[in-house]
Amino acid sequence: MNADSFKQSDLPEGDLDAELDLLLSEAKWPEADAETLMRLSALTTTAMQESGENLATTVKPLIEVKSQQPKRWLVICVSIAGMILAFLAGRWTTPSDRQNDIVAKPQELNPTKVTETTLLPEQMAPSGDTEDKKSVTPFMSDTSKEALANNQSGKLTPSADPVSAKHKRLSQRDKMKQQLDSVLACLEEGQKAETCCQTLLPRKAQFEYLLKEIVRTATGQRQTAAIAAMGFVGSDGTVPLLLEIAEKPDLRTNAVQSVKRVSSEQMLAALVVRGGDVATRKELLIELAHRKTPQAAFIWLHLVRTPDCRDLCLQVVDELSPELVDLLFAELDAPVIDDRIAAIQSLGRRVDEPTFRRTELLCQNFPHRWEPVAILMWNGSETAMGFLARLKKNPERYAVIQTAVIQLKTATGAGSGSQ
Amino acid sequence: MSEANKDWENLFQSQLPNALRLAVKLTGNVHDAEDILQESLLRAAWARETFRGECTFRTWLNRIIVNVFRTWVTSKPSVETLLEEPMAPSDTTDEKNEQQARSELIAQHVSRLPERQREVLVFVTYEQMSPQDVAELLGLTIQNVYSNLTAARQQLRKTLGTLMKTGVDQ
């Protein structure tokens, strides 16, 4: 059996274990940044200070392991029972209730007064004077007495408040705001967005929302920093706001940069087609040309086919990323002739040596394909025309060259772009 | 702040990085780890007088972190964990990036093990604790620790099968 085709079942357990251990040792979790540690450190200091002042025995250790569920339920049950008892005790100590009880059973207390109270119904209402209280208190527990005393004097039982520190804990939103503030401060210091904004990426959508507010309301450096940060974490949804900001001359550069970063390929195309400032459209096209996805190539071809955008596209073809150039070469096989023509026009306008050499090779390796020939025709440079002149001398290539000429004429109404 | 308080604070501060790393391994991400550690630190600060020195301070703090983590797991919507499937390593020619993606993928798989298996694996494999100590820390029997550890490793063999050189039956 080939060693490469070993299966798990064929191997001794020890080998698999060793391999798994090796894999596990490679595991790498995301590392917390210094800010997170600082936040936790500050929280520790605060908690230590607060707990140091109030460290009574009020807080239980909470370190019993939670798998001991029955104990926890026991604690909950006891707590509930305690609360019910406390409630009942409270009811018992309410003066009016207590008095009603006394009056309801007058015989037990003072038989001589019974006739008086029953004969005089208006005195049955609780009077709340001290004499009544004296008559009540002997029946009360110590706790109830204390509660009653406190209730009457308006005092509250002093107790340590272990939960207060939890209120000090930052809410999620506050934490995010703090994080955002530190990122903006970093950007205001002139550092790159790539360096400062990494921490925002896991919660892009939430930060985008907060940043929109800041971009709208802030001014000066903070606003500029927020625009830059938005370029890092924003989505297509932020484009309208950024375009609005781009109308201010002092913020235009930053805003357009951010638009370029946040926009998807479709959004870039839509902004180019929408028209407007030529310089901005060109910048957006260059951004599209720098993208590397098949989607970008598809949209690029679409824009080249659009009459209003073609010239602008052909002006920036030298900005096409190598990946996009590869994709455009692949589009020479596209089933739709318009796509092939758009790819030919884009590649033909590039003046770089590698594109030319690659086209030349295609001409040599695929002598019956007219597309590479059309690229050279559209290019129209001296080198390209020299190569075509050599091709024309070969009678076998005559048909291919004529096809290329006809296809270009049909597509553009002219022989070639530069001829 | 009193001298004793200062000592306590120094002790807590010295354990912060370790505690944070543990929380990240348990939760799989820094943000949740921070939340858990915040809660744990508050609890620990208030309960510090109950630390009797019967175990190391680190173990004591780890136990609190595990308790908070368990509460967090039960309160976290399970749908979220279902949606966050580990991503396959991206196709990249850059060897360094590929290695990093692979390391992150392994970490993601560990952080998606069932809660108890994850705890046991993290403490045994990454905190270098003996199964006996882990059993005591997690409030489990030693047999339970071993069975969770075995289950975790079997699960990882399946999920990380593609990364194992020898290949596995998927």
Side-chain angles (χ1 to χ4, degrees), chain A residues 3-11 15-17 19-33 36-37 39-41 43-68 162-163 165-166 168-170 172 175 199 202-203, chain B residues 1-2 4-5 8-9 12-13 16-17 20-21 24-25 28-31 33-35 37-39 41-43 45-51 60 63-64 66-67 70-71 99-100 102-104 106-107 109-111 121 125-126 137-140 153 156-157 160-161 163-169:
Chain A
D4 290 338
S5 64
F6 270 149
K7 297 290 177 195
Q8 193 172 13
S9 53
D10 300 329
L11 284 167
D15 289 357
L16 283 170
D17 277 344
E19 193 175 348
L20 184 62
D21 283 336
L22 198 67
L23 264 186
L24 290 176
S25 67
E26 283 179 31
K28 192 177 174 188
W29 277 269
E31 296 220 350
D33 54 4
T36 310
L37 267 176
R39 273 200 299 276
L40 289 168
S41 174
L43 178 88
T44 310
T45 309
T46 315
M48 296 304 291
Q49 280 169 353
E50 289 202 355
S51 61
E53 290 160 11
N54 262 332
L55 197 60
T57 53
T58 49
V59 179
K60 290 295 169 194
L62 300 167
I63 59 168
E64 288 82 14
V65 177
K66 285 196 172 162
S67 57
Q68 299 166 348
V163 195
K166 286 190 181 177
K168 292 260 177 182
R169 187 173 53 170
L170 295 172
Q172 195 66 28
K175 240 169 53 180
T199 54
R203 294 184 178 183
Chain B
M1 194 187 284
S2 72
N5 262 357
W8 274 112
E9 195 191 330
F12 271 91
Q13 300 283 9
L16 263 186
L20 187 55
R21 272 196 291 274
V24 171
K25 283 183 186 114
N29 69 74
V30 177
H31 286 282
E34 190 184 350
D35 287 346
L37 203 53
Q38 275 192 10
E39 181 71 30
L41 287 171
L42 284 171
R43 286 192 187 189
W46 280 95
R48 65 179 185 267
E49 294 295 316
T50 62
F51 172 61
W60 181 77
R63 194 173 295 176
I64 296 177
V66 167
N67 279 345
R70 287 178 181 176
T71 312
Q99 180 57 38
Q100 191 174 349
R102 177 186 156 100
S103 303
E104 283 168 7
I106 298 167
H109 280 294
V110 171
S111 296
L121 188 90
T125 310
Y126 296 106
L137 190 145
L138 300 178
L140 303 172
R153 292 177 69 90
L156 286 172
R157 269 187 213 166
L160 297 175
L163 300 181
M164 291 172 83
K165 287 173 195 164
T166 45
V168 281
D169 292 323

Tightest non-hydrogen contact, residues Glu34(B) and Arg39(A), listed as OE2-NE, 2.7 Å
If I take atom CG from residue Leu16(B) and atom OG1 from residue Thr36(A), how far apart are they, to the nearest 0.5 angstrom? 11.0 Å
Could you walk me through whether Leu23(A) and Arg102(B) pass the side chain to side chain contact (heavy atoms under 4.5 Å, CB included) check? CA-CA 9 Å; Leu23(A) 264 186; Arg102(B) 177 186 156 100; 3.4 Å; yes
Those residues that, when tested against Arg153(B), pass side chain to side chain contact (heavy atoms under 4.5 Å, CB included) (two or more places apart): Asp17(A), Leu20(A), Asp21(A), Leu24(A), Leu121(B), Leu149(B)
Is there a donor-acceptor pair under 3.5 Å between the side chain of Gln13(B) and the backbone N or O of Ser41(A)? yes
With sequence neighbours left out, the residues meeting side chain to side chain contact (heavy atoms under 4.5 Å, CB included) with Ser111(B) are Trp29(A)
Out of Arg21(B), Glu104(B), Lys25(B), return the one with the most heavy atom pairs under 4.5 angstrom to chain A. Lys25(B)
